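The next block holds one structure in the form of structure tokens; read it before the comments.
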4 protein chains.
Amino acid sequence: MKRDKPKFKQIIDAAVVVIAENGYHQAQVSKIAKQAGVADGTIYLYFKNKEDILISVFQEKMGLFVENLKAIISDGSTSSEKLLKMVENHFRVLATDHHLAIVTQLELRQSNKEIRMKINEVLKEYLMLLDDILIEGLENGEFQEELDIRLARHMVFGTIDETITTWVMNEQKYDLMKLAPKVHRLLMSGMKS
Amino acid sequence: MKRDKPKFKQIIDAAVVVIAENGYHQAQVSKIAKQAGVADGTIYLYFKNKEDILISVFQEKMGLFVENLKAIISDGSTSSEKLLKMVENHFRVLATDHHLAIVTQLELRQSNKEIRMKINEVLKEYLMLLDDILIEGLENGEFQEELDIRLARHMVFGTIDETITTWVMNEQKYDLMKLAPKVHRLLMSGMKS
Amino acid sequence: MKRDKPKFKQIIDAAVVVIAENGYHQAQVSKIAKQAGVADGTIYLYFKNKEDILISVFQEKMGLFVENLKAIISDGSTSSEKLLKMVENHFRVLATDHHLAIVTQLELRQSNKEIRMKINEVLKEYLMLLDDILIEGLENGEFQEELDIRLARHMVFGTIDETITTWVMNEQKYDLMKLAPKVHRLLMSGMKS
Amino acid sequence: MKRDKPKFKQIIDAAVVVIAENGYHQAQVSKIAKQAGVADGTIYLYFKNKEDILISVFQEKMGLFVENLKAIISDGSTSSEKLLKMVENHFRVLATDHHLAIVTQLELRQSNKEIRMKINEVLKEYLMLLDDILIEGLENGEFQEELDIRLARHMVFGTIDETITTWVMNEQKYDLMKLAPKVHRLLMSGMKS
DNA sequence: GATGAATGAGCTTTCATTCAT
DNA sequence: AATGAATGAAAGCTCATTCAT
């Protein structure tokens, strides 16, 4: 399997670095190849085309979020605690890998609709795990019973995403991780006094 | 002033149509010129370059949101009511203009980082009005006193944005306006039961 | 009409020169543009793509043969004389334009099947005029009555083509025109003593 | 000698199949290797380069024509009969091997000038045997004494070639062999009534 | 002898922008 | 002010060939 060969990951990682440092539209295949330490043609032994690299970047890296989230869900804590851990996990992964943060929050969004659609399919798995948490909290009475799952999903993900994007745009100047509990509390209690 | 001449708006509107119908990367200057009924070169009498068109599109159209929001703020209702009206306003403007919805939620996000930074500056005025509502609610005791304005802003805008984007991606199949009260209630009360 | 603008012919002629001097596979669009004294992009204002240039070369130049042949046919001479004039015409046009001779006999044949199919369509018009001569000669008794038009066409065109190709391959060292009457006599009388 | 090892012929035959089925420009070395059941690198143990494969294809297959023609010449018949047998032989070999017919009449002609020059050298042996027939017919009075050997060669070969190419282009729909006697008669008696 | 992973040179086409009219 | 013909830079991908195993 190509995905398991060392050069596959090597190229994926090179792509993240190149895109983060040069921007999406300045991330030429030849630059990625150079960064990965392989010839241009070698890229095409592992990826169908440039688009395939970008989607694979997202798939491979999104895997981190999903795997962690699965572990979080299966531990015995409350739904609220799971939600907190999810926010922390999301923040932590991106706070740890600055390049990746730039790529997912800013650069990859410049891709064309076709690529974005495929990226969204990958995202769906993540959002379905979020739905699992929300449904569980609903059923065990932790969350208010009128809660609209779809809207709650939008709120949770939208808040997380907007918070991280702003942090990235501010050049990651402050400590993102510190915001996790406050974001969690806000999502849980809303704004009303 | 160029902004007041008829051809300026003509070109802006043409840009919205062309981008919505062809996608960001297929919105060539020549197509916009044709749609606007002017020659390619004429575009450059009104705009510095293509980038300038895109930013102007956002500036002109964002004006709608801002103006409406200012009116909303200055009426005598409670902060919570203002927040509801803001969500309704945001939803209404985009639900009314399908082309504009596609352009702001999907297509314009494919622009490069530089353009997006400038678009964000335009957004700032809108977000500052949102901050005004939040501060007011904080001061008059409607909102909980530990509320972190910045995070609340992320939550409100992130939720609105995520909700609309999903609606656009689902080809605007359901009634967006109907979601406004529920979104508002969710933001106000949070998820906790 | 694009075909009538001066730059159209300018580019066609440049293509003939570049292909003749560099060979089919070394005739890059940029070389043709340079030879024509225009920018690379200008080529694409007059031609859909590179393939379109090559087919147009053949169409434009083949026009010479066809037009001359039409004039020949409509004059009052015998079928045999018409055949002689056809051979002379074919030889003369290519003997006069060495570049064109190389292009039609050697280089253009390297094009892919698709282009060759389109070139053949152009050729068909020429061969149909040849058929007209053959049919006439058959009907007025100049040619033997068992003559198979299709085979005769193959013989006439095959002989002409093979003769010219050999002449081009021998670097056009001898006088092609001088061969015309002998070729004509051979076609008319066959080899039998 | 490499030519005698089984893999040599194996690769040659694979090349004919691949070129016939995929066309000249889609006949990559890796495809030929796969069809031959060997590794890409193995090709280069038997052939200097890709060009060498193509020329060898022609050499090996042309051997069939030449050998047959030698046998024909050395039997005791008249020059005219030899010419008929030559046409029949040429038609038969290609009518029997459809792949080969496509390769020699259409695909191999797309090769570059250099390869075609070398192919022509291979052809020369065949054409020299044709010359032998023509000279003999001239000396024994079967052919008219003013016959220009070179032109007669062009006529014979050009007619044969044009006839076969047209047959191949028409997807070999009719019986090529049936045309042999008529082609022979036409070459012998010419068109004059 | 045989393999096949790796190499890297090479080219068509698009499109934002200009400027002579 | 308006036009639109002309410009020219820029990049993804293929495939013949090599060479370590």
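Lettering follows sequence order; numbering is per chain, from 1. Basis for what follows: all heavy atoms, side chains included, without hydrogens, waters or symmetry-related copies. All values derive from a computational prediction rather than experimental measurement.
- The distance between atom NZ of C:K31 and atom C1' of E:dT12, rounded to the nearest whole Å, is 14 Å.
- Distance from the side chain of D:V38 is smallest to E:dT3 among E:dT7, F:dG4, E:dT3.
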Handout entry: Evaluation steps, salt bridge (charged side-chain N to carboxylate O under 4.0 Å, His left out), between B:K31 and B:D40
Key = CA-CA 9 Å; B:K31 254 186 208 156; B:D40 294 17; over 6 Å; no
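- Contacts of C:V29 with the nucleic acid, taken as non-hydrogen atoms under 4.0 Å apart, include base atoms.
- Atom pair D:Q10:CD and E:dG1:P shows a separation of 15 Å (rounding to whole Å applied).
- As a whole-Å value, the separation of C:I43 CD1 from E:dC11 P is 15 Å.
- For the residue pair D:R3 / D:Q59, a side-chain donor-acceptor distance below 3.5 Å is found, with atom types taken as modelled.
- Following rounding to the nearest Å, B:I32 (CD1) and E:dT17 (P) show an atom-to-atom distance of 11 Å.
- When distances are taken from the side chain of D:D40 to each of F:dG12, E:dT7, E:dG4, the shortest belongs to E:dG4.
- Relative orientation of the B:F47 and B:F8 rings is parallel, given thresholds of 30° and 60° on the angle between their planes.
- Here F:dA1 sits opposite no nucleotide as a Watson-Crick or G-U wobble pair (both hydrogen-bonding atom distances under 3.5 Å).
- A:Y46 comes within 4.0 angstrom of sugar-phosphate atoms only, judged by non-hydrogen atoms across all strands, and of no base.
- F:dT7 is paired with E:dA16 under the Watson-Crick or G-U wobble criterion, all donor-acceptor distances under 3.5 Å.
- In the model, B:D161 has a side-chain atom that pairs as donor or acceptor with a side-chain atom of B:Q105 under 3.5 Å.
- One can place NZ of D:K5 at 8 Å from C1' of E:dG1, the figure rounded to the nearest angstrom.
- Each of C:G41 and A:K48 has a nearest nucleotide on DNA chain F; the 5'-most of these lies closest to C:G41.
- Between B:K34 atom NZ and F:dA2 atom P the separation is 20 Å, expressed in whole Å.
- Counting heavy atoms from C-beta on, the side chains of B:H99 and B:E21 come closer than 4.5 Å.
- Taking atom CD1 on C:I53 and atom C1' on E:dT12, their separation rounds to 10 Å, with Å as the unit.
- Pair assignment for E:dG10: F:dC13, on the basis of Watson-Crick or G-U wobble contacts that are both within less than 3.5 Å.
- Within 6.0 Å of the CD atom in B:E60, the count of heavy atoms belonging to other residues, nucleotides or ligands exceeds 12.
- Checking F:dC15, F:dG8, E:dA16 against the side-chain heavy atoms of D:Q28 singles out F:dC15 as nearest.
- For B:G37 and C:G37, each mapped to the nucleotide of DNA chain F holding its nearest heavy atom, the one lying further toward the 5' end belongs to B:G37.
- Taking the side chain of B:K50 as heavy atoms from C-beta on, and the options E:dT13, E:dA16, F:dT17, the nearest nucleotide is E:dA16.
- Comparing atom distances between the A:N49 side chain and each of F:dA5, F:dC13, E:dG8 picks out F:dC13 as nearest.
- Residue A:T42 places its side chain closer to E:dA6 than to any other of F:dT17, F:dC15, E:dA6.
- Between the NE2 atom of B:H25 and the P atom of F:dA11 there is a distance of 14 Å, rounded to whole Å.
- Of the candidates E:dA6, F:dT17, E:dT17, E:dA6 carries the atom nearest the A:L45 side chain, counting heavy atoms from C-beta on.
- As judged by a 4.0 angstrom heavy-atom cut-off over every strand, A:K7 is placed among residues touching the sugar-phosphate backbone only.
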